[in-house]
Amino acid sequence: MAIGRSPQSSSQTPDQGAARRPSRARGIPEATVARLPLYLRALTALSERSVPTVSSEELAAAAGVNSAKLRKDFSYLGSYGTRGVGYDVEYLVYQISRELGLTQDWPVVIVGIGNLGHALANYGGFASRGFRVAALLDADPAVVGSSAAGLPVRHMDELESIVENQHVSIGVITTPPGAAQQVCDRLVEAGVTSILNFAPTVLTVPDGVDVRKVDLSIELQILAFHEQRKAGEEPDRTESVLDRAPGPVRAAAAKLRRAAAGGSGKARPATEPAKDGEAPAKTKPGKAGGEGELSAVMPA
């Protein structure tokens with residue numbers, strides 16, 4: 001089914017849906033917006049198999065959410081389904097696509113044409129979901145002039161003219177982290193108001209500009225956590241936090257300890273040996289030498 005037109009086979013019409021849809025002034029919660037693409041992906045798969053209707057339980061299972069949450073989300077769209085029948089698949093595809101703004105063409109620029117930039121440029125899912133890669137940009141002379149997905153890689157100096165002439169409002173950043181903020185600033189100054197950031201860094205943007213961050217390393221770390229738990233393994237409690245810290249962090253902590261010990265090269269123990277009849281003297285929190293200094297050297 002072509003996204004962008006109302007399906008003729010639907011038992012409902014767009015006007016009926018619009019009549020039940022909540023006022024735009026109410027808006028849709030961000031959490032609901034984040035789940036709409038999940039529903040759309042599941043519904044598109046059903047549509048491709050010519051499945052006419054789907055129950056809330058079946059669709060929720062396909063999207064990986066709770067069925068009660070799904071029904072609540074759809075209530076914001078004004079779509080309540082039919083008791084005993086479920087939801088009309090094609091109409092719901094149209095309805096969600098319209099709500100997400102996918103019934104119109106969205107030009108996108110990709111900045112940073114390395115391996116990831118090439119992969120995104122060649123991703124066929126953009127065009128089928130309402131996004132058109134308008135331009136590929138890079139600042140490296142060795143990359144400029146090459147091509148990816150049939151498009152030439154143009155120089156960053158052309159950014160402003162491309163954004164203006166192609167009416168680009170969405171930018172994708174796949175640069176190294178050190179260049180990401182500068183690229184972001186130029187995109188914003190050129191008029192781009194939505195940014196998808198693949199660079200492993202946090203971007204600062206003014207009000208009115210939306211940023212979505214995709215950090216693959218964080219996602220892998222979360223998966224590693226779950227894999228460890230599924231295997232029944234627990235972190236070694238005898239291992240200190242610093243033992244698992246990056247090398248530069250361990251080196252900084254060792255330097256602080258040497259300084260606290262008067263340059264002797266030995267770390268001051270967390271407790272001083274107790275004299276007869278006395279309690280051990282504890283290191284005060286926040287002071288170098290004990291675990292108090294970890295907050296000063298460990299990354300947030």
Side-chain angles (χ1 to χ4, degrees), residues 2-5 24 28 30 33-34 36-37 40-41 44 93-94 96-219:
I3 293 176
R5 61 181 178 84
R24 293 280 182 177
I28 299 177
E30 284 297 321
V33 173
L36 291 182
L40 182 58
R41 180 175 60 189
T44 301
V93 168
Y94 163 78
I96 294 177
S97 297
R98 181 178 60 179
E99 199 66 54
L100 288 173
L102 304 182
T103 55
Q104 58 181 300
D105 177 63
W106 291 103
V108 175
V109 294
I110 301 176
V111 183
I113 312 304
N115 291 334
L116 180 55
H118 268 89
L120 292 175
N122 283 284
Y123 175 54
F126 284 142
S128 64
R129 288 167 174 80
F131 301 95
R132 173 176 58 86
V133 179
L136 307 176
L137 299 168
D138 204 290
D140 187 350
V143 177
V144 174
S146 62
S147 64
L151 291 173
V153 179
R154 301 164 70 175
H155 197 277
M156 274 294 292
D157 290 345
E158 300 183 60
L159 170 62
E160 288 75 15
S161 62
I162 289 172
V163 170
E164 180 180 1
N165 296 334
Q166 304 254 17
H167 307 289
V168 174
S169 58
I170 300 176
V172 180
I173 298 178
T174 56
T175 65
Q181 184 63 57
Q182 183 179 2
V183 168
C184 175
D185 293 342
R186 287 194 59 180
L187 286 168
V188 171
E189 290 171 4
V192 171
T193 53
S194 293
I195 295 173
L196 180 61
N197 177 34
F198 282 88
T201 187
V202 176
L203 299 177
T204 301
V205 297
D207 291 339
V209 176
D210 295 307
V211 175
R212 297 288 296 180
K213 179 175 173 55
V214 181
D215 194 321
L216 301 180
S217 65
I218 287 179
E219 299 303 323

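Put simply, NZ on K213 and CG on L196 are 10.5 Å apart, with the number rounded to the nearest 0.5 Å. In this structure, CD in Q182 is found 7.5 Å from CE in M156, a value given to the nearest 0.5 Å. With rounding to the nearest 0.5 angstrom, the OG1 atom of T204 is 5.0 Å from the CD atom of Q181. Here NE2 of H167 is found 12.5 Å from CH2 of W106. Values are rounded to the nearest 0.5 Å. To the nearest 0.5 Å, atoms CG (D215) and CZ (F198) are separated by 10.5 Å. Atom CG of L203 is separated from atom CG of N197 by 4.0 Å, given to the nearest 0.5 angstrom.
Residues V172 and V109 form no side-chain contact, since every pair of their non-hydrogen atoms from C-beta on lies 4.5 Å or further apart. Between P107 and I170, the closest side-chain pair of non-hydrogen atoms is not below 4.5 Å. Within the 4.5 Å cutoff, side-chain heavy atoms of L187 are placed close to those of L159. Taking 4.5 Å as the limit, some side-chain heavy atom of P200 sits within range of a side-chain heavy atom of P177. Within the 4.5 Å cutoff, the side chain of L40 has heavy atoms near those of the L102 side chain. The shortest side-chain heavy-atom distance between V188 and V192 does not fall under the 4.5 Å cut-off. Side-chain contact between I195 and C184: present, with at least one pair of heavy atoms (C-beta onward) separated by less than 4.5 Å. No side-chain heavy atom of V108 sits less than 4.5 Å from a side-chain heavy atom of F126.
Here the side chain of E164 pairs no donor or acceptor atom with the backbone of A190 at under 3.5 angstrom. Looking at T174, its side chain never comes within 3.5 Å of a backbone N or O of I110 through a donor-acceptor pair.
The shortest heavy-atom contact between T175 and A179 is OG1-C, 3.9 Å. Between A148 and A121 the shortest heavy-atom distance is CB-CB, 4.2 Å.
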Distance-only donor-acceptor hits, side chain of residues 132-140, under 3.5 Å, sequence neighbours excluded:
from : atom 1 : to   : atom 2 : distance (Å)
R132 : NE     : D105 : OD2    : 3.2
R132 : NH1    : Q166 : OE1    : 3.4
R132 : NH2    : D105 : OD2    : 3.4
D138 : OD1    : D140 : N      : 2.8
D138 : OD2    : I113 : N      : 2.8
D140 : OD1    : A142 : N      : 2.9

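The environment of E160 atom CD is dense: over 12 non-hydrogen atoms of other residues, nucleotides or ligands sit within 6.0 angstrom. Atom CG of N115 has 12 or fewer heavy atoms from other residues, nucleotides or ligands within 6.0 Å.
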